[in-house]
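Heads up, the thing below is written out as structure tokens.
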Amino acid sequence: MSTTRPCSPGDRGPEPSGASGASAGRQVRSLSFDGASGVVPLARDFARQALYAWGWLPAAGADRRAAAEDVLLVVSELVTNACLHAEGPDGLQLSCDNKVIRVEVSDRGTGQPAPRTPHRAGRPGGHGMFIVQRLCLDWGVVRTPEVAGKTVWAELGAPA
């Protein structure tokens, strides 16, 4: 499922499931891509460091390892989409509570991300948002009135 909604200044979009504001044990990390090159590997490294800090890594078992790899893949896909379709990403924000990790990638693009329909698994390209849709609990787009661009967000469940 995906949702698009406008937000007022200072509104960060829908709260991660299970979190109530900045409290309730929610941890947040932000990365600016201002002037950076190699943004996809930079974003993955940043996300990997956050996963270590939040105890998702090192993974004790296959399920925990798969959950961490899913987060890294979603980060890669959202940042890559911003590079390909929105003149590059402006920033990455990761937030985590005990149940959900939320990935947000902001850019200045006007486009609307959507999984390609029909999805053609055997063809190159066009898989990014299909992957995000399949791996995530939810995802969507937040636009702020009178501000260029958007934030594409996705939420993944924490490992059991």
Side-chain angles (χ1 to χ4, degrees), residues 2-16 19 21-22 25-59 64-97 100-116 124-159:
S2 83
T3 54
T4 303
R5 70 177 188 89
C7 68
S8 38
D11 182 4
R12 295 295 305 164
E15 284 297 318
R26 185 171 170 209
Q27 302 175 71
V28 179
R29 292 192 174 209
S30 298
L31 173 67
S32 172
F33 293 112
D34 190 31
S37 61
V39 295
V40 175
L42 179 65
R44 282 183 67 89
D45 289 344
F46 176 80
R48 187 176 290 109
Q49 291 170 6
L51 293 173
Y52 272 102
W54 295 336
W56 287 48
L57 291 172
R64 293 182 68 81
R65 189 170 23 263
E69 288 298 324
D70 287 351
V71 170
L72 297 175
L73 180 55
V74 168
V75 166
S76 295
E77 292 299 337
L78 293 182
V79 172
T80 297
N81 278 356
C83 291
L84 294 174
H85 306 293
E87 303 172 26
D90 291 331
L92 168 65
Q93 181 170 296
L94 303 173
S95 58
C96 181
D97 64 18
V100 173
I101 190 165
R102 182 179 175 102
V103 177
E104 298 181 18
V105 176
S106 58
D107 63 53
R108 293 190 188 126
T110 58
Q112 179 71 20
R116 280 199 187 156
H127 306 292
M129 293 312 296
F130 178 79
I131 291 168
V132 169
Q133 181 178 15
R134 297 287 296 219
L135 293 178
C136 295
L137 301 170
D138 198 8
W139 71 275
V141 179
V142 176
R143 296 185 189 275
T144 304
E146 300 179 23
V147 175
K150 64 188 173 296
T151 298
V152 180
W153 60 268
E155 294 179 342
L156 297 97

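Here the structure is a predicted model, which is why all the values come from computation and not from measurement.
Here the options are V75, L42, L78, V39, the test is side chain to side chain contact (heavy atoms under 4.5 Å, CB included), and the partner is L92; only V75 passes.
Checked by atom type and distance alone, the side chain of S106 pairs as donor or acceptor with a backbone atom of G91 at under 3.5 Å. Checked by atom type and distance alone, the side chain of R29 never pairs as donor or acceptor with a backbone atom of L94 at under 3.5 Å.
Checked by atom type, the side-chain pair S95/R102 shows no donor-acceptor distance below 3.5 Å.
Taking CD1 from I101 and CG from D70, the interatomic distance works out to 11.0 Å, rounded to the nearest 0.5 Å. Note that the CG atom of L57 and the CZ atom of R64 stand 8.5 Å from one another [nearest 0.5 Å]. How far CH2 of W56 is from CD of E69: 12.0 Å, rounded to the nearest 0.5 Å.
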Apply side-chain contact (heavy atoms from CB on, under 4.5 Å) to residues E155 and C136 and explain how you reach the verdict. CA-CA 6 Å; E155 294 179 342; C136 295; 5.8 Å; no
Which is it for R143 and Q112 under the side-chain contact (heavy atoms from CB on, under 4.5 Å) test, yes or no, and what are the steps along the way? CA-CA 10 Å; R143 296 185 189 275; Q112 179 71 20; 3.1 Å; yes
Check the pair W153 / D138 against side-chain contact (heavy atoms from CB on, under 4.5 Å), numbers first and verdict last. CA-CA 8 Å; W153 60 268; D138 198 8; 3.5 Å; yes
Would you check, one step at a time, whether the test side-chain contact (heavy atoms from CB on, under 4.5 Å) holds for L72 with R48? CA-CA 7 Å; L72 297 175; R48 187 176 290 109; 3.7 Å; yes
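Nearest heavy atoms, F33 versus V79: CZ-CG2, 4.3 Å. The nearest pair of heavy atoms linking P113 to G111 is CD-O, 3.8 Å. The two residues L73 and R44 make their nearest non-hydrogen contact at N-NH1, 3.8 Å. When every heavy atom of P89 is checked against every heavy atom of C83, the shortest pair comes out as CD-SG, 3.7 Å. When all heavy atoms are compared, the tightest approach of L156 to L137 is C-CD1, 3.9 Å. The heavy-atom pair separating G128 from E77 by the smallest distance is CA-OE1, 3.1 Å.
Inter-residue side-chain proximity for W139 and V74 is flagged as unmet; no heavy-atom pair is nearer than 4.5 Å. Using a 4.5 Å heavy-atom threshold, the side chains of N81 and V105 count as separate. Side-chain contact between E87 and D107 is absent, with no heavy atoms from C-beta onward closer than 4.5 Å.
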